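Working notes, beginning with the structure itself.
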Amino acid sequence: QVRMVESGGGSVQAGGSLRLSCAASGPTYNRYCAAWFRQAPGKEREGVASIDADGRKTYADSVKGRFTISKDNAKKILYLQMNSLKPEDTAMYYCAADALWGAACRDLREVSRYNYWGQGAQVTVSS
C-alpha cells in the first residue's frame, strides 16, 4: 500500500516557477514508477512526466525543457519543478505511483495503470 500527499501548488504569472512535492509512504514505493499527471477543466487527465525505479525520466512534449521530475528515495518525496510556466499549464496536478517498469512507465498515456494517487494540487498560471 502506498499513500501520497501533495503540496506546493499555487498561482503564478506566466514565465514564473513553481515546485510541486509529493510525500509518499509504503515499503515498496522506491521500487515503483512515479509520475505526474494533470487535468484541466473539461479535459482528460494527461501525463506530464514519469521516473522509473532506476531514475530514467520521460516527459510530455508540451513540458520538455521547462519541467523537471526528480525523486528523493531516502525521503520518499517526488518533485516536479516547473519553470517558464504558461497559462496552458493551468490544471490540477496529481502525483501517482505503481508497479510499472520499462515501456509501461515511459508511456504517459497509461493513466488507468496507476492505482496510487495524491489528492491533487491546483496550479494556476495567469497571463
Side-chain angles (χ1 to χ4, degrees):
Q1 187 76 11
V2 175
R3 286 190 171 182
M4 307 176 79
V5 179
E6 298 183 44
S7 59
S11 297
V12 66
Q13 288 192 325
S17 298
L18 284 172
R19 188 176 79 160
L20 300 178
S21 300
C22 178
S25 62
T28 57
Y29 174 73
N30 285 345
R31 299 200 299 271
Y32 280 9
C33 172
W36 289 97
F37 291 83
R38 66 186 181 186
Q39 189 166 16
K43 294 189 176 181
E44 292 187 353
R45 193 167 296 190
E46 64 173 0
V48 175
S50 67
I51 183 168
D52 69 13
D54 294 323
R56 284 182 288 251
K57 305 173 184 181
T58 302
Y59 296 96
D61 288 343
S62 59
V63 306
K64 276 181 184 175
R66 300 188 298 122
F67 290 12
T68 302
I69 188 172
S70 61
K71 192 178 175 194
D72 184 329
N73 285 329
K75 296 180 179 179
K76 295 187 179 180
I77 300 177
L78 180 71
Y79 299 102
L80 184 68
Q81 178 66 44
M82 303 181 290
N83 299 328
S84 301
L85 282 160
K86 304 175 181 180
E88 51 263 43
D89 295 318
T90 295
M92 187 72 79
Y93 283 71
Y94 299 90
C95 57
D98 215 313
L100 304 174
W101 291 275
C105 183
R106 292 191 298 272
D107 190 344
L108 294 174
R109 299 169 299 176
E110 295 291 351
V111 180
S112 62
R113 291 197 184 186
Y114 289 84
N115 288 299
Y116 304 108
W117 291 87
Q119 81 280 10
Q122 178 67 39
V123 172
T124 302
V125 185
S126 58
S127 58

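Not measured: the values here are computed from a predicted model.
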Seminar exercise, completed: So disulfide (SG to SG under 2.5 Å) across residues 94-127, not counting sequence neighbours, yields Cys22-Cys95, Cys33-Cys105
Seminar exercise, completed: So the disulfide (SG to SG under 2.5 Å) pairs with at least one residue in residues 37-72 (sequence neighbours excluded) are none
Problem set entry | Gap between atom OG of Ser126 and atom CD of Gln13 - 0.5 Å precision | 5.0 Å
Seminar exercise, completed: Apart from Leu108 itself, its cluster of hydrophobic side chains linked below 4.5 Å comprises none
Problem set entry | Check: Thr58 and Asp52 side chains under 4.5 Å, non-hydrogen atoms | no
For this session: Please name all residues satisfying side chain to side chain donor-acceptor pair (under 3.5 Å) with Arg31, sequence neighbours left out, ordered by chain then number.
Result: none
For this session: Mark yes or no for whether Arg66, through its side chain, and Ser62, through its backbone, hold a donor-acceptor pair below 3.5 Å.
Result: yes
Problem set entry | Under 3.5 Å: donor-acceptor pair, side chain of Asp72, backbone of Ile77 | no
Exercise. Do you reckon Val48 sits in the same ILVMFWY cluster as Tyr116, going by side-chain contacts under 4.5 Å, direct or chained?
Worked result: yes
Problem set entry | Heavy-atom donor-acceptor pair, Asp54 side chain to Arg56 backbone, under 3.5 Å | no
Seminar exercise, completed: Between Pro87 and Ser127 the two heavy atoms that sit nearest each other are CG-CB, 3.9 Å
For this session: Compare all side-chain heavy atoms of Thr68 with those of Asn83 and state whether any distance is below 4.5 angstrom.
Result: no
Exercise. Would Val63 and Val12 show up in the same hydrophobic cluster when neighbours are defined by side-chain heavy atoms closer than 4.5 Å?
Worked result: yes
Problem set entry | Reported CG-to-OG distance for the pair Leu78 and Ser70, which is rounded to 0.5 angstrom | 7.0 Å
For this session: Look up atom CG in Leu20 and atom CD in Gln122, then write down how far apart they are to the nearest 0.5 Å.
Result: 10.5 Å
Exercise. Do the side chains of Gln1 and Thr28 get nearer than 4.5 Å, heavy atoms only?
Worked result: no
Exercise. Can you find a pair of side-chain heavy atoms, one from Gln81 and one from Ile69, that are under 4.5 Å apart?
Worked result: no
For this session: To the nearest 0.5 angstrom, please state how far the CD atom of Glu6 sits from the CE atom of Met92.
Result: 9.0 Å
Problem set entry | Donor-acceptor under 3.5 Å (Lys75 side chain, Ala24 main chain) | no
Exercise. So do Val5 and Gln119 actually touch side chain to side chain, heavy atoms under 4.5 Å?
Worked result: yes
Exercise. Please, which pairs that meet ring pair (Phe, Tyr, Trp, His ring centres under 6.0 Å) have at least one residue in residues 75-112, sequence neighbours excluded?
Worked result: none
Seminar exercise, completed: To the nearest 0.5 Å, atom OG of Ser17 lies from atom CE of Met82 at 9.0 Å
For this session: For residues 16-72, pull every pair meeting ring pair (Phe, Tyr, Trp, His ring centres under 6.0 Å), keeping only residues two or more places apart or in separate chains.
Result: Phe37-Tyr114, Phe37-Trp117
Exercise. Among Glu44, Glu88, Glu46, which residue meets the salt bridge (charged side-chain N to carboxylate O under 4.0 Å, His left out) test with Arg38?
Worked result: Glu46
Problem set entry | Interatomic distance, Asn73 atom CG to Asn30 atom CG [nearest 0.5 angstrom] | 4.0 Å
Problem set entry | same_hphob_cluster(Met4, Leu80) at 4.5 Å side-chain heavy-atom cutoff | yes
Problem set entry | Carboxylate-amine/guanidinium contact Lys86 Asp89, below 4.0 Å | no
Seminar exercise, completed: When every non-hydrogen atom of Val125 is compared with those of Thr90, the smallest separation belongs to N-OG1, 2.9 Å
